[in-house]
**Student:** 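The following block contains the structure, expressed as C-alpha cells.
Values below: every heavy atom of this structure, side chains too, minus hydrogens, waters and symmetry copies. Just so it is clear, the structure is predicted and the values come from calculations on it, not from any experiment. Proteins come first, then strands; the chains are lettered A, B, ... in the order of their sequence lines, and each starts at number 1.
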Amino acid sequence: MEELPKAYDPQGIEDRLYKEWEAKGHFHAKPDPKKKPYSIVIPPPNITGILHMGHALNDTLQDILIRFKRMQGFEAEWMPGTDHAGIATQNVVERKLAKEGKKRQDLGREKFIEEVWKWREEYGSTIIRQLKKLGCSCDWERTRFTMDEGLSDAVLDVFIKLYEKGLIYRGNYIINWCPRCQTALSDEESQHRDVDGMLYHIKYPIKAAKDSFVIVATTRPETMLGDVAIAVNPKDKRYKDLKGKAVMLPLVGRELKIIFDPIVDLKFGTGALKVTPAHDPVDFELGRKHNLEQINVMNDDASINSLGGDYEGLDRFEAREAILEDLKARGLFIKSEPHRHAVGHCYRCHTMVEPRLSPQWFVKMKPLAKPAIDAVKKGKIKFYPERWTKVYLDWMTNIRDWCISRQIWWGHRIPVYYCKGCKDGEGIIVSKAKPEKCPKCGSADIAQDPDVLDTWFSSWLWPFSTFGWPKETPELKYFYPTNALVTAQEIIFFWVARMIMAGIEFRGAIPFKDVYIHGTVRDITGTKMSKSLGNVIDPLDMIAKYGTDALRFSIISITAQGQDVFLSEGKFELGRNFANKLWNASRFILMNLKEDEVKADLCVFFKGAKLSLPDKWILSRFYSTLSYVTECLDEYKFNEAANSIYEFIWHEFCDWYIEIAKVTISEKSSQVILYKVLEKSLRMLHPIMPFVTDEIWRKLPREKTGADSIMIESWPHVQKEMISKDAESKMKELIEIIVAIRNIRSVWNIDPQTSVEAIMNVHEGGIEKLLRENEGFIKRTARVSSLKIGKISKPAGAAASVVGRVEIYIPLEGLIDLAKERTRLKKEEDRINHEIRSISARLKDKNFTLKAPKEVVEKQAARKDELVSQLEKLKSNLEQI
RNA sequence: GGACGCGUAGCUCAGUUGGUUAGAGCACUACCUUGACAUGGUAGGGGUCACAGGUUCGAGUCCUGUCGCGUCCACCA
C-alpha cells in the first residue's frame, strides 16, 4: 500500500480538500421528499467582521452538527450569510472617508450608500473566506445578505404588517442616544457599565423665601438647564412645608414647581429630585404624570443647544464643569461625593449614552412576547444548557417596547412617507414604494422618513427570510422550522428571543427546536478576547501553525457544555498531536494492509471468523464509543464526544490493539479488524476533524464505486451485538497484569531491550485459561521471554506483584535489593489493608446491607473477597523475602 | 438590588441519574531515538474535591449558609 509522509502536514491538504468538496456540491442541500430535513441557519457575521475565536467555536459547533446529520442521512442544510450591521459598517466607512478628509455629509446620502456598497463588495466577504478556512460546510450557493432584495422586501413587509396591526407606533420618548454615532439605540444596544462618577449636591433657592433652599443631588448637573420641577416623596417629613411653594432654578432663573410623588426614594441623596423630563426616563414619567413641560437642552452631539442659554455650544462634560464653577461662585454648590453607578454605553463605539427625548419608531412587544413565552414554557423550544430558559423567560416577561429607528444612512429605510400638505402628524403614509400623491389630500409634496431600521429588525427574520419568505418557496416549506440554533449568550435578547417572536408572528411556527448556548471565549486570565485589549489569539494564525483540525479539536475538547473557554496558544498542541497520532497509526496500518484481504465481504468474514480476545475487545470498545459519541452529539455534549474518541483512538486502539496486532498483522482477522476499526473511527471523527479524516480515508483500499469523500459517507451503525462486557473485563484484567510486569521492570531498572522470565501463580482454571490463550501478546507487550502459568511457588530472589486472581513473579536473582522490595510490597499491603478496613466497616453496618441495593452490597462483598485473597498472597510473598 | 455560573492535582479543566481505589491534557521525575508516531513510548509522583452545617447506609455529586472569582439584568436621580 501507499506510504504516508512521516508527520501529518495540514498545509496544502486542507485547501485542496475544501475546494473539492465545494466543487462537487457536497455542501448543497435541496428539498428531497425521500429524506428528512435537518437545517441550521448561521448567526450571520457582520460584513465588517473578521474571524475570531468566538466564531471558531460557534461555527465549528454548527459544522459538527451539520456534518454529523449529513452522515446520518438527513438532507442537511446550513444556511450561511452576512449581516449588514448598520451602525458598525457605517462607522467603518465613515472612518475610511475621514482618512480622505471627507465626511458622509459631504457626499450626501445616495453617494455615501454607494460607498458602503463598494466597501461591502471589497471587504464584505472576508469573513466568508475565513469560514471556509475553518472547514465550514455551509451551503454557499444559498448565501444571503440582510440587504439582499428578497430579505429587504421581507423587512418592509413586516414593518407594514406590524404597523397595520397597530404594533408599530411613532412617539416622542426618552431613548438611549449615542452622541458619537448620533443615533438612537435600543435598550439592548445600551450596555451598562459601572462608572466612578460624582453625586453633586446643589442648592435650589425657594421662591420668595430668603436663605431657604431645597438641596438636590444629581450625577448630571448639566441637565439642570432642562429642569422643570422638584419632586419629593409625599411621605417625606423634611419637605412637608414645600406644599404650595415654588423653587427657582439657579443659573437659569426658571420657576420650578414642587411635585409630590411616591416614586422618589427617601433614602437616596437628599430625598429631593430635580425633574428633567427631556433627559431622564424617570423624570419623563413624572413629567407625563404631572403634566410638565419637556425642555430638551442638547443637540445631537450632546452639546448644549440654544435652550441652554449661556452654555450653548459647550459639550455636555464641559457644560458640567462650567455649571459647577458658576454654582460655586454663587454659593449654591454644597459638595460632591464619589458615586459609583451603572451608565449606559453604546455597544458599537462605547461612548456614554445620553438618555434623551426623541421622536422614534417603536414596536409594541408585549403581544409578540406572549406566544413566544408559551412556546418555550411548553417545551416546543428547548435551551441547552437548560438554565438559559429562565434568563429568556425573565427577559420576555419584562419586555419593553423596541426602539427600531436609527438616525443613520446604511440600512433598510423606514417605509413611511410624510405628506407636507396634510396637517402635522396626519399625513403618514406607510407604503413599500413612494406614493405619487397623498391619498388624503392629493398633494405630491411627499418625503420619506429619513431614518433606517435597527439592524436586528432584519436579523429577527433570518430563519425564514433566508429561505425566501414571504414567498412560499419549496425550501421554506422543507427546511423551516430549523432544528438547532447555535449561539453565544450575549445575543439571546438581541436575536434569539426576537427570532422566536418573529417566527411565530409572521410564519406561524417556531423558528428552531433547540437553542444551544455556548460559552464565551476568554484569554487565559479570564478576560474576554477583544481586539482593543490586544489579547486575541487569531484563529487563522493557529490554523497556519497547527492546522484547522487541530484548532477545531482542541477548542471542542476543552469546551464543556455552556461553560466559558479559557484559551492559550499551547492548548492547540492537543489537537495537533492527536491529528498526528491518528495519521501515524493510519500510516502503520496502510503500510501493512493487504488490499485483497480487506476488500472481501466483511460481513461474511465476521460470520465465520474466530476472533481473539483483543479482536473482540477492540470491536466492543469501538461500538461502545460510537454509541456514546452518537448520544453526546445529539445532546450537544461536544467535548465528551471529542474526548471519548480521543481516548478510544489513542489509548485503546493505538496503545493496545495496534501493539498487540503487530504480531498477528499478516493474519486475516487482524487485517480486517485494523481496517474496519480505522475506517469507522475516521467516520466517527470526521465531523470534528474533517480534513485529516478525509485525507486518510481516501488512501484506504475500498470499493471505488462508493462515495468519493468521507463527508458524504454514512455515520457508522452501532452493532450492539459486538459490544461485549465480558471481553472488556477480561481484557482489562490482562492489561492490569501487563502493567504490573512493566512496573516491576521499571522499578528494578531492567533495560527495555532485555526480556525477562515471568511466572503466573494461579489457583483457578478460568484465569489460567485466559492467560494461556493470550500468552502471545502478554509476552510481547511486557517483554517476557518465557511465561510459566500454573500452581507455582515463588522462586527465591524474585520480585512479586499481586493483581486480581494472579500472583506474578519475576525471577531477578541477584538484581533485587531485598529491603527495597520489602518496602514496595509493604506499601502495597498498607493500601489494601486500608481499603479492606473501609469495606468491612461498610459491610458490618446493617444500615448499609439492608438499605443499599443488593447489587451494590454484592459488589462490595466480592471486592472484599478479592482484596483479602490479594492480601494473603502479598503476606506470603513478604514472608518469603 | 435581582438572577446565574464557577471554586476538584503545580496549571487549564472533565466528572452522566449519589455507589468500589476521584480522571484527562499540560507541567514534573526516571528510563527509552524499539521498523507507525519524540507532535512519540513505558513506568511513576502529585488531590482533606473552597469552607461550615445538613439529608442519606453512602456526598465531588443533593439541600442550607459563609467566603472568594466571574457574568448578565435593573429608571437610586
**Student:** Any N or O donor-acceptor pair linking the side chain of A:K662 to the base of B:A36 at under 3.5 Å?
**Tutor:** yes
**Student:** Between B:C13, B:A74, B:A36, which nucleotide has the shortest distance from any of its atoms to the side chain of A:E659?
**Tutor:**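 Selected nucleotide (nearest to the side chain): B:A36.
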**Student:** Can you tell me how far P of B:U71 sits from CD1 of A:I492, to the nearest Å?
**Tutor:** 16 Å
**Student:** By nearest atom, which of the nucleotides B:C4, B:A74, B:U42 is closest to the A:A342 side chain?
**Tutor:**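 For A:A342, the side-chain atoms sit closest to B:A74.
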**Student:** Considering only atom C1', compute the distance from B:G19 to B:A3 and round it to an integer number of Å.
**Tutor:**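 About 34 Å, rounded to a whole number of Å.
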**Student:** Could you tell me how far B:C67 sits from B:A74 if I compare only their C1' atoms? Round to whole Å.
**Tutor:**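 To the nearest whole Å, 26 Å.
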**Student:** Of the nucleotides B:C37, B:U21, B:G44, which one has an atom closest to the side chain of A:I839?
**Tutor:**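 Nearest nucleotide to the side chain: B:U21.
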**Student:** Less than 3.5 Å between a donor and an acceptor, one on the side chain of A:Q563 and one on the base of B:A14, is that the case here?
**Tutor:**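 Checked by distance alone, the answer is no.
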**Student:** Checking contacts here: which listed nucleotide (B:A74, B:G25, B:G40) is nearest the side-chain heavy atoms of A:L574?
**Tutor:**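 For A:L574, the side-chain atoms sit closest to B:G25.
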**Student:** How far does the C1' atom of B:A38 sit from the matching atom of B:C32, given to the nearest Å?
**Tutor:** 10 Å
**Student:** Can you tell me how far P in B:U33 sits from the matching atom in B:U8, rounded to whole Å?
**Tutor:** 40 Å
**Student:** Keeping A:D564 on the side-chain end and A:G519 on the backbone end, is there a donor-acceptor pair under 3.5 Å?
**Tutor:**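 No; zero donor-acceptor contacts below 3.5 Å.
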**Student:** With pairs taken as Watson-Crick or G-U wobble and both distances under 3.5 angstrom, which stems of at least three consecutive pairs involve RNA chain B?
**Tutor:**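 RNA chain B forms these stems: B:1-7 with B:67-73, B:10-13 with B:23-26, B:28-32 with B:40-44, B:50-54 with B:62-66.
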**Student:** Tell me what A:K637 touches on the nucleic acid: a base, only sugar-phosphate, or nothing, going by heavy atoms under 4.0 Å.
**Tutor:**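 If one applies the 4.0 Å heavy-atom cut-off, A:K637 turns out to touch nothing in the nucleic acid.
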**Student:** Within a strict 4.5 Å, meaning less than it, do heavy atoms of the A:V663 and A:F777 side chains meet?
**Tutor:** no
**Student:** Whether the side chain of A:R863 and the base of B:U21 hold a donor-acceptor pair under 3.5 Å is what I'd like checked.
**Tutor:** yes
**Student:** What's the closest nucleotide to the side chain of A:K581 if the choices are B:C4, B:G40, B:A43?
**Tutor:**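 Of the options given, the side chain of A:K581 lies nearest B:G40.
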**Student:** Side chain of A:N580 only, please: which of B:C4, B:C37, B:U16 is the nearest?
**Tutor:** B:C37
**Student:** Output the rounded distance in Å from CG (A:D751) to C1' (B:U42).
**Tutor:** 12 Å
**Student:** Of the candidate nucleotides B:A43, B:C32, B:U39, which contains the atom at the shortest distance from the side chain of A:P752?
**Tutor:** B:C32
**Student:** Can you name the salt bridge (Lys or Arg N to Asp or Glu O under 4.0 Å) partners of A:K545, sequence neighbours left out?
**Tutor:**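 Partners of A:K545 by the salt bridge (Lys or Arg N to Asp or Glu O under 4.0 Å) criterion, ordered by chain and then number, come out as A:E569.
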**Student:** Tell me whether the centres of the aromatic rings in A:Y347 and A:F494 are closer together than 6.0 Å.
**Tutor:**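 So the answer is yes for these two rings.
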**Student:** Give me the distance, rounded to whole Å, that separates B:G46 from B:A30 when you measure between the C1' atoms they each carry.
**Tutor:** 15 Å
**Student:** Check the distance between B:A14's P and A:I558's CD1 and give it to me in whole angstrom.
**Tutor:**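 Answer to the nearest Å: 10 Å.
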**Student:** Can you measure A:E647 atom CD to B:G23 atom C1' for me and round it to whole angstrom units?
**Tutor:**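 Roughly 10 Å, once rounded to whole Å.
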**Student:** Aromatic rings A:Y646 and A:W650: how do their planes relate, parallel, tilted or perpendicular, breaks at 30° and 60°?
**Tutor:** tilted
**Student:** Could you tell me whether A:K637 and A:E631 make a salt bridge, using a distance below 4.0 angstrom between a side-chain N and a carboxylate O?
**Tutor:** no
**Student:** Return the nearest nucleotide to the side chain of A:D655; candidates are B:U42, B:A36, B:G5.
**Tutor:**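 Per side-chain heavy atoms of A:D655, the pick is B:U42.
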**Student:** Report the nucleotide, chosen from B:A36, B:U12, B:U39, that has the shortest atom-to-atom distance to any side-chain atom of A:N584.
**Tutor:** B:A36
**Student:** Where the side chain of A:R780 meets the backbone of A:I660, is there a donor-acceptor pair that is under 3.5 Å apart?
**Tutor:**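 Pair absent, no side-chain N/O of A:R780 close to backbone of A:I660.
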**Student:** Would you mind telling me which of A:I735, A:I741, A:I737 makes a side chain to side chain contact (heavy atoms under 4.5 Å, CB included) with A:V739?
**Tutor:**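 The side chain to side chain contact (heavy atoms under 4.5 Å, CB included) with A:V739 is passed solely by A:I735 among A:I735, A:I741, A:I737.
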**Student:** Please give the distance between the P atoms of B:C26 and B:C69 as a whole number of Å.
**Tutor:**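 Looking at atom P only, B:C26 and B:C69 are 32 Å apart.
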**Student:** Provide the distance between the two C1' atoms, one in B:G25 and one in B:U39, to the nearest whole Å.
**Tutor:**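 About 14 Å, rounded to a whole number of Å.
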**Student:** In whole angstrom, what separates A:I589's CD1 from B:G35's P?
**Tutor:**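 Value for this atom pair: 18 Å.
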**Student:** Taking the minimum atom-to-atom distance to the side chain of A:Y646, which one of B:U12, B:A36, B:G25 wins?
**Tutor:**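 So the side chain of A:Y646 is nearest to B:G25.
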**Student:** Return the value, rounded to whole Å, for the distance between atom CD of A:Q753 and atom C1' of B:U34.
**Tutor:**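 Atom CD in A:Q753 sits about 6 Å away from atom C1' in B:U34.
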**Student:** Measure the distance from CG on A:L678 to C1' on B:A36 and round it to the nearest whole Å.
**Tutor:** 12 Å
**Student:** Considering the options A:F578, A:F691, A:F572, A:F638, which one meets the ring-ring contact (aromatic ring centres under 6.0 Å, His included) requirement together with A:F553?
**Tutor:**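 For A:F553, the ring-ring contact (aromatic ring centres under 6.0 Å, His included) check succeeds only for A:F578.
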